[in-house]
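Note that ligands are numbered from 1 as they come in the structure, with each ligand's atoms numbered from 1 the same way. Residues: numbered from 1 along the sequence shown. Just so you know, these numbers come straight off a predicted model, no measurement behind them.
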Amino acid sequence: MISVKEALHHILQQCHTLSPIRIPLEAAGNFIAAETIYSPVAVPFFDNSAMDGYAIRYEDIKNNLPLKLHYQIEAGKTRVPELQKGEAARIFTGAPIPLGADTVVQQENCSVEKGILKLIQPVSPGDHIRKRGTQTQKGDLVISRGRLLTPEYIGFLATLGIDSVAVFPKPKVGIISTGKELVPAGTILQNGQIYESNSIALKALLHQLEIPVIFSQWIDDKESELYQFVLENHKKVDLLLFTGGISVGDYDFVKPVLEKTGAIEFFYKVRQKPGKPLFFGKKGTTLFFALPGNPSAVVSCFHVYVKPAIQRITGCQFQTEDYALLVTSYQKKSGLTHFVKALVQNGKATILDRQLSYQMDAYARANAFVVLDEKQEDFKMGEKVKVIFFRSNMTITL
Ligand SMILES: Nc1nc2c(c(=O)[nH]1)N[C@H]1C(S)=C(S)[C@@H](COP(=O)(O)OP(=O)(O)OC[C@H]3O[C@@H](n4cnc5c(N)ncnc54)[C@H](O)[C@@H]3O)O[C@H]1N2
Ligand code: MOO
């Protein structure tokens with residue numbers, strides 16, 4: 001059995017970004033850019049008005065010339081005559097400043113009588129003009145390879161007329177759940193049956209990371225069926241997640257089946273609770289994570305191992321580690337790292353009740369795991385412990 005740290009190391013060594021793909025800019029939210037782009041244009045592309053009002057030549061006011069209203073410029077107008085000495089032009093927000101004009105007077109600060117513009121408020125030269133290139137100059141660096149394309153950032157890139165971007169693709173994921181006892185929600189339970197919940201949890205976890213699930217398949221505890229399905233389908237995905245059937249029971253076929261397919265085994269069994277019989281392997285370019293079937297182990301193994309793998313492949317940072325102070329003392333046996341469900345708020349970690357690996361109810365409140373070191377047995381109230389947040393570090397008020 002290997003340690004949590006060693007297991008993570010093996011996993012991350014096998015995870016690499018996938019070949020970049022070009023996608024429409026509007027679909028690129030939360031992807032990582034795989035290219036560096038320089039702005040193809042200056043923005044604004046032309047000097048334009050920031051207000052509805054009048055375009056003037058500042059020197060005309062200084063020389064006390066009467067400003068004769070000459071013509072009107074709406075937004076979108078592409079050909080505008082030059083403004084001559086003693087002239088003003090009606091102008092609207094976003095409309096191009098005519099050649100010759102250098103200042104815009106906001107309409108609330110002036111009046112028009114018999115076609116002559118009169119100023120009510122003092123004006124400064126250059127007022128209300130958005131100069132060409134004052135957001136971005138043509139040739140400015142606007143995307144660096146490796147940057148997260150947030151929706152707000154995409155809004156900025158759209159102003160430059162960029163319509164597509166090369167990004168690192170998200171890995172495609174498949175899910176296989178095994179176990180004769182599993183039935184779908186909506187079925188009336190018979191003695192010996194339980195509701196299938198692991199694939200539902202995994203799909204929700206993957207959905208939150210915007211990772212596509214290509215298939216989710218339940219397979220009976222039959223070795224031949226599992227073998228056939230894995231052989232036929234593993235190439236469709238980058239990550240194949242199994243739940244259940246990875247322990248040592250007579251119906252735990254996942255490991256022998258993966259061996260039979262010729263998959264490489266990187267490790268089997270980690271010194272941790274829950275999730276001890278975790279398996280990690282690879283066939284071709286597909287990574288296999290066989291998650292121990294107990295529902296709580298599936299969720300913790302996802303956060304501790306699958307999520308970092310996806311982070312490495314996509315370049316995105318989904319979860320953060322931090323430290324918090326224990327609100328109560330806690331005891332465990334030495335030998336395994338424990339991931340205990342906790343509510344961590346304002347730097348304080350409350351370990352929740354019912355931590356066994358079949359008990360899921362604590363997840364209704366938990367926002368993090370407290371990571372309890374494998375060698376330590378007694379944890380004191382107020383002791384600093386590592387936490388892995390699996391939701392954003394938010395305060396829960398209800
Ligand atoms: N002799 C030993 N027995 C077990 C060991 C061991 O070391 N020696 N390890 C235990 C630990 S720890 C775990 S974790 C489990 C893992 O077992 P499997 O991965 O083989 O999982 P199953 O036996 O198929 O299922 C375990 C448990 O989880 C329920 N389950 C499974 N799949 C689902 C699902 N999709 N949705 C909801 N619940 C599911 C299943 O009914 C079992 O109760 O092995 C221990 N045994
Ligand atoms: O690892 Mo198991 O999930 O402890 O029951």
Side-chain angles (χ1 to χ4, degrees), residues 1-4 7-8 173-187 189-206 213 215-223 225-227 229-230 240-259 263 265 267-281 288-306 330 332-341 351-352 354-364 366 369-372 374:
M1 261 201 294
I2 61 172
S3 69
V4 169
L8 249 181
V173 178
I175 300 170
I176 297 177
S177 33
T178 61
K180 227 183 191 36
E181 72 281 23
L182 308 174
V183 292
T187 313
L189 288 179
Q190 306 291 321
N191 195 24
Q193 296 182 325
I194 61 163
Y195 289 122
E196 198 287 309
S197 63
N198 288 343
S199 74
I200 308 290
L202 286 172
K203 278 188 268 187
L205 287 160
L206 291 159
V213 175
F215 58 80
S216 175
Q217 181 71 37
W218 170 80
I219 305 225
D220 201 354
D221 286 329
K222 288 199 183 110
E223 194 169 344
E225 268 185 41
L226 185 60
Y227 175 72
F229 188 86
V230 174
L240 187 48
L241 310 182
F242 298 82
T243 90
I246 192 61
S247 187
V248 290
D250 292 354
Y251 296 93
D252 292 334
F253 292 129
V254 173
K255 191 163 181 289
V257 160
L258 295 184
E259 276 163 9
E265 173 186 323
F267 65 77
Y268 175 51
K269 293 198 175 167
V270 182
R271 293 197 298 272
Q272 64 181 356
K273 191 181 165 117
K276 191 172 62 172
L278 174 68
F279 172 98
F280 176 61
F288 294 145
F289 290 84
L291 311 176
N294 277 314
S296 195
V298 166
V299 175
S300 60
C301 286
F302 181 89
H303 285 293
V304 177
Y305 302 104
V306 181
Y330 195 83
K332 72 167 188 63
K333 285 190 189 148
S334 167
L336 304 177
T337 298
H338 285 212
F339 296 98
V340 291
K341 297 153 227 169
I351 294 179
L352 300 167
R354 290 190 295 282
Q355 291 288 341
L356 297 178
S357 62
Y358 69 93
Q359 294 170 323
M360 288 292 279
D361 57 310
Y363 283 121
F369 293 116
V370 164
V371 185
L372 299 174
E374 62 175 36

What residue and heavy atom of the protein are closest to atom 23 (O) of ligand 1, and at what distance?
D252 OD1, 3.9 Å
Heavy-atom distances under 4.0 Å decide this one: backbone, side chain, both or neither, for V254 against ligand 1?
neither
Looking only at protein heavy atoms, which one is nearest to atom 37 (C) of ligand 1, and how far off is it?
S197 OG, 3.3 Å
Nearest non-hydrogen atom to atom 24 (O) of ligand 1 belongs to which of S177, G293, G245?
G245
closest protein heavy atom to atom 10 (C) of ligand 1 is S247 OG, 4.3 Å
Checking the N or O distance criterion of under 3.5 Å, is ligand 2 in contact with Q272?
no
Distance in Å, E196 CD paired with E181 CD, rounded so as to fall on 0.5 Å steps
9.5 Å
Kindly check if the number of other-residue, nucleotide or ligand heavy atoms within 6.0 Å of OH (Y251) is above 12?
no
Looking only at distances, can you tell me whether any N or O atom of N198, backbone or side chain, sits closer than 3.5 Å to an N or O atom of ligand 1?
yes
Check against side-chain hydrogen bond (donor to acceptor under 3.5 Å, both in side chains), Q272 and Y305:
CA-CA 12 Å; Q272 64 181 356; Y305 302 104; 2.7 Å; yes
Using a 4.5 Å cut-off on heavy atoms from C-beta on, say whether the side chain of Y330 contacts that of V370.
no
Atom 5 (O) of ligand 2: closest protein heavy atom, distance to 0.1 Å, is S357 OG, 2.5 Å
With heavy atoms only and a cut-off of under 4.0 Å, state how N294 meets ligand 1: side chain, backbone, both or neither.
both
Looking at side-chain heavy atoms only, is the closest gap between L206 and L241 below 4.5 Å?
yes
Side chain, backbone, both or neither: I194 near ligand 1, heavy atoms under 4.0 Å
side chain
Taking non-hydrogen atoms only, is P292 closer than 4.0 angstrom to ligand 2 via side chain, backbone, both or neither?
neither
Look at atom 4 (O) of ligand 2 and find which of S247, P274, A297 reaches it with the closest heavy atom.
P274
Taking only non-hydrogen atoms of Y195, do any sit less than 4.0 angstrom from ligand 1?
yes
Side-chain heavy-atom pair F339, V371 within 4.5 angstrom cut-off:
yes
Is L258 close to E265 at the side-chain level, that is, under 4.5 Å between some pair of heavy atoms?
no
Could you go through S197 and M360, starting from their C-alpha distance and side-chain angles, then the distance that decides it, and tell me whether this counts as side chain to side chain contact (heavy atoms under 4.5 Å, CB included)?
CA-CA 10 Å; S197 63; M360 288 292 279; 5.7 Å; no
For the CG atom of L291 and the CG atom of N198, what is their distance to the nearest 0.5 Å?
8.0 Å
Please give me the minimum heavy-atom distance between P292 and I246, naming the atom from each residue.
CA-CG2, 3.6 Å
Just let me know how Y251 lines up against ligand 1, side chain, backbone, both or neither, with a heavy-atom cut-off below 4.0 Å.
neither
Note: heavy atom closest to atom 42 (C) of ligand 1, options E181, Q193, K276, K273, belongs to E181
What I'd like to find out is whether the side chain of P256 reaches to under 4.5 Å of the side chain of Y227, using heavy atoms alone.
no
With a cut-off of 4.0 Å, which atoms of ligand 2 are near a heavy atom of K276?
1 (O)
Apply side chain to side chain contact (heavy atoms under 4.5 Å, CB included) to residues Y363 and S296 and explain how you reach the verdict.
CA-CA 9 Å; Y363 283 121; S296 195; 3.7 Å; yes
I'd like to know whether NZ of K273 has more than 12 heavy-atom contacts from other residues, nucleotides or ligands below 6.0 angstrom.
no
Hey, which atoms in ligand 1 end up nearer than 4.0 Å to a heavy atom of P292?
14 (S), 16 (C), 19 (O)
How far is atom 1 (O) of ligand 2 from the closest protein heavy atom, and which atom is that?
G275 N, 2.4 Å
Check this for me - ligand 2, N294, N or O atoms closer than 3.5 angstrom, yes or no?
yes
Within a distance under 4.0 Å of any heavy atom of V248, pick out the atoms of ligand 1 and give their elements.
1 (N), 2 (C), 8 (N)
Side chain or backbone of P295 under 4.0 Å from ligand 1, or both, or neither, by non-hydrogen atoms?
side chain
Please answer whether the main-chain N or O of K180 pairs with a side-chain N or O of W218 as donor and acceptor at a distance below 3.5 Å.
no
From P277, S296, G179, G192 - option closest to atom 11 (C) of ligand 1 by heavy atom:
P277
What part of E196, side chain from CB on, backbone N/CA/C/O, both or neither, has a heavy atom under 4.0 Å from ligand 1?
both
